[in-house]
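Below you'll find the structure, written out as structure tokens, and then a few comments.
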Amino acid sequence: MSWQLTAADLPDLARGATLLGTGGGGDPYIGTMLVERVLGDSSITILDPDELADDLFVIPTAQMGAPTVMIEKIPAGTEPTLALRTLEEHLGRKADATMPIECGGINSMIPLIVAAETGLPVVDADGMGRAFPELSMETFAVYGVHGSPLALAGERGERVIIDTGDDDRQMEWLARGVTIRLGGVAHIAEYAMTGADVKRTAVPRTLSMALAIGRAIREAREEHRSPFAAIASTLSTTLYSEVRELFTGKVTDVERRTTEGFAKGRATITSLDGDDDTLEIRFQNENLIAHHGDEVVAIVPDLICVVDVESGEPITTEGLRYGQRVRVLGISTPEMMRTPEALAAFGPSAFGLTEPFVPVESAPVYA
């Protein structure tokens with residue numbers, strides 16, 4: 001059933017989307033402010049994917065670039081709709097709706113900016129069910145919908161069309177190069193598809209799930225309950241049903257660099273018990289793998305989420321700082337993201353990791 005999203009929902013939505021973004025997907029505060037600026041007292045229609053007409057024409061919209069750049073280079077706010085209009089013009093067809101390509105503090109919000117400006121509804125689904133660093137890492141692509149042609153827009157009105165046919169990796173490579181030359185951030189419209197394609201290839205109801213998670217964390221804090229129990233309870237009836245507390249400690253080292261259009265690095269978390277027990281997380285925009293000693297306790301595509309040890313507030317990779325007291329959560333991804341085809345697109349080997357995929361519910365826990 002479709003529903004209406006208002007400005008009052010945005011902080012909870014951003015919080016939940018940031019958790020699902022597993023460290024990436026952009027800054028939640030910036031994303032919230034961008035939508036609030038254009039939404040005002042209006043509302044946005046959110047469409048349930050199961051109710052879409054098969055011939056509905058959907059154009060997803062998003063921001064791309066390194067999260068470390070995004071917190072210093074604030075968007076003008078006009079870029080996402082410009083990218084959508086550019087792709088519509090190129091295709092000779094108007095969109096009936098837009099949709100996120102991933103979960104994240106900004107990238108769950110970008111389609112809402114487009115919706116507030118154009119009146120289009122937003123589909124309650126996306127193509128990653130979390131956040132991934134590359135445009136080719138989509139369930140859309142895994143199950144037969146390709147991203148090209150892609151329209152890219154810059155803050156000064158620059159517009160680029162990239163058409164690589166069925167080669168989504170080449171599309172990503174070219175779009176990343178243009179984004180770097182625009183200063184590290186750009187906005188895109190891609191993966192144009194029908195309603196039938198959405199139902200076949202998208203991870204369903206991730207916007208409503210993000211909203212439910214963010215609300216559950218906030219209400220648990222207000223009622224002096226455990227936000228971690230609230231997260232687990234909220235996810236227990238979804239496609240992300242397994243939640244594990246992997247480790248608790250203090251951030252004692254962060255190595256982070258912006259290179260090749262990504263934020264890459266690692267973080268070390270040391271136990272609060274006074275011993276030398278540590279967990280190391282490696283990331284590329286998003287958290288990819290968590291090691292406890294020689295043991296892998298969680299690995300992509302499952303979610304590795306770093307949250308404040310008391311409040312449960314999710315922390316992005318660009319927000320990690322020395323001294324933060326954190327908990328690390330492992331969350332299972334839907335089965336459609338664990339098939340051999342999906343793992344080839346965004347499993348460990350897609351990031352150059354030699355470790356095999358082990359479901360988080362099967363890995364050792366050292367909470």
Side-chain angles (χ1 to χ4, degrees), residues 10-32 34-35 60-71 99-112 124-135 137-139 185 188 202-203 205-217 227 231 234-235 238-240 243 256 262-265 267 281-290 298-308 312-320 326-334 337 346 351 360:
L10 295 176
D12 288 341
L13 174 60
R15 182 180 301 110
T18 303
L19 182 84
L20 293 174
T22 186
D27 183 87
Y29 177 76
I30 296 172
T32 300
L34 288 170
V35 181
T61 47
Q63 184 182 86
M64 72 176 296
T68 45
V69 174
M70 295 175 194
I71 59 176
M99 180 171 62
I101 66 165
E102 68 176 6
C103 300
I106 280 183
N107 264 337
S108 291
M109 298 293 186
I110 294 299
L112 304 181
D124 190 1
D126 71 73
M128 294 183 183
R130 45 161 294 162
F132 287 121
E134 298 185 15
L135 302 181
M137 295 174 171
E138 299 275 354
T139 58
V185 178
I188 55 175
V203 184
R205 300 177 192 86
T206 47
L207 282 174
S208 53
M209 182 169 61
L211 179 58
I213 294 169
R215 182 182 294 129
I217 293 171
I231 292 170
T234 302
L235 289 174
T238 73
L239 298 175
Y240 299 71
V243 180
R256 182 172 45 229
F262 302 103
K264 297 183 179 182
I281 298 173
R282 292 169 55 188
F283 57 82
Q284 179 182 331
N285 289 7
E286 290 77 36
N287 299 318
L288 301 179
I289 185 169
I299 192 167
V300 69
D302 282 347
L303 282 63
I304 303 167
C305 308
V306 181
V307 301
D308 182 86
E313 197 70 20
I315 301 171
T316 60
T317 55
E318 71 272 18
L320 286 169
V326 302
R327 294 192 189 193
V328 182
L329 307 180
I331 301 174
S332 62
T333 43
M337 298 179 66
F346 43 67
F351 298 92
V360 69

Task: Minimum heavy-atom distance Asn285-Pro67, with the two atoms named - done: OD1-CD, 3.3 Å
Task: Straight-line distance of Leu135 CG to Ile101 CD1, nearest 0.5 Å - done: 5.5 Å
TODO: Please test Phe346 against Thr139 for side chain to side chain contact (heavy atoms under 4.5 Å, CB included), starting from the C-alpha separation and ending with a verdict.
DONE: CA-CA 9 Å; Phe346 43 67; Thr139 58; 4.1 Å; yes
TODO: Calculate, to the nearest 0.5 Å, the distance between atoms CD1 and OG1 belonging to Ile304 and Thr22 respectively.
DONE: 6.0 Å
Task: side chain to side chain contact (heavy atoms under 4.5 Å, CB included) partner of Ile213, the single match among Thr238, Thr18, Leu20 - done: Leu20
Open item on the list: Quick one, Phe132 and Val300 - any side-chain contact, counting heavy atoms below 4.5 Å?
Closed with: yes
Task: side chain to side chain contact (heavy atoms under 4.5 Å, CB included) assessment of Leu13 paired with Met109 - done: CA-CA 9 Å; Leu13 174 60; Met109 298 293 186; 4.2 Å; yes
Task: Pairwise side-chain contact, Asn287 with Val328, heavy-atom cut-off 4.5 Å (strictly under) - done: no
Open item on the list: I want to check something: taking the side chain as every heavy atom from C-beta on, are Leu211 and Leu207 in contact at a cut-off of under 4.5 Å?
Closed with: no
Task: Pairwise distance OH(Tyr29) to OG1(Thr316) - rounded to 0.5 angstrom - done: 15.0 Å
Open item on the list: side chain to side chain contact (heavy atoms under 4.5 Å, CB included), that's the test. Do Glu134 and Gln284 meet it? Break it down for me.
Closed with: CA-CA 10 Å; Glu134 298 185 15; Gln284 179 182 331; 4.0 Å; yes
- [ ] Verify, without hydrogens or angle tests, whether Thr317 (side chain) and Glu286 (backbone) share a donor-acceptor contact under 3.5 angstrom.
- [x] no
Task: Rounded distance (nearest 0.5 Å) linking atom CD1 of Ile30 with atom CD of Gln63 - done: 8.0 Å
Task: Residues, nucleotides or ligands: over 12 heavy atoms within 6.0 Å of Arg205 CZ - done: yes
Open item on the list: Tell me the closest heavy-atom pair linking Ala263 and Ala66, and the distance in Å.
Closed with: N-CB, 4.0 Å
TODO: Output all residues satisfying salt bridge (charged side-chain N to carboxylate O under 4.0 Å, His left out) with Asp124, sequence neighbours left out; order by chain, then residue number.
DONE: none
Open item on the list: Contact between Thr206 and Tyr240 at the side-chain level, heavy atoms closer than 4.5 Å - yes or no?
Closed with: yes
Task: Check: Asp302/Thr333 side-chain N/O donor and acceptor closer than 3.5 Å - done: yes
- [ ] Could you tell me which non-hydrogen atom of Pro100 sits nearest to which non-hydrogen atom of Asn107, and how far apart they are?
- [x] CB-O, 3.7 Å
TODO: For Pro301 and Met337, work out which heavy atoms get closest and say how close.
DONE: CG-O, 3.4 Å
- [ ] Mind checking the OG1-CG spacing from Thr61 to Leu112? Nearest 0.5 Å is all I need.
- [x] 8.5 Å
Task: NZ/NE/NH1/NH2 to OD/OE distance under 4.0 Å, Glu318 and Arg256 - done: no
Task: Reported CG-to-CG distance for the pair Leu235 and Leu329, which is rounded to 0.5 angstrom - done: 9.5 Å
TODO: Would you please test Leu320 and Ile315 for side chain to side chain contact (heavy atoms under 4.5 Å, CB included) and show each step?
DONE: CA-CA 7 Å; Leu320 286 169; Ile315 301 171; 3.9 Å; yes
Open item on the list: Less than 4.5 Å apart, side chain to side chain, heavy atoms only: is that true for Glu102 and Arg130?
Closed with: no
Task: Side-chain heavy-atom pair Pro227, Ile217 within 4.5 angstrom cut-off - done: yes
Task: Partner residues of Asp27 under the salt bridge (charged side-chain N to carboxylate O under 4.0 Å, His left out) criterion, sequence neighbours left out - done: none
Task: Atom of Met128, atom of Asp126 and distance for their closest heavy-atom approach - done: N-OD1, 2.6 Å
TODO: Could you tell me which residues satisfy side-chain contact (heavy atoms from CB on, under 4.5 Å) with Leu239, sequence neighbours excluded, listed by chain and number?
DONE: Pro204, Pro334
Task: Polar side-chain atom of Asp308 near backbone of Val326 as donor-acceptor pair, under 3.5 Å - done: no
Task: Closest approach of Ala131 to Cys103 (non-hydrogen atoms, all atoms of both residues) - done: CB-O, 3.3 Å
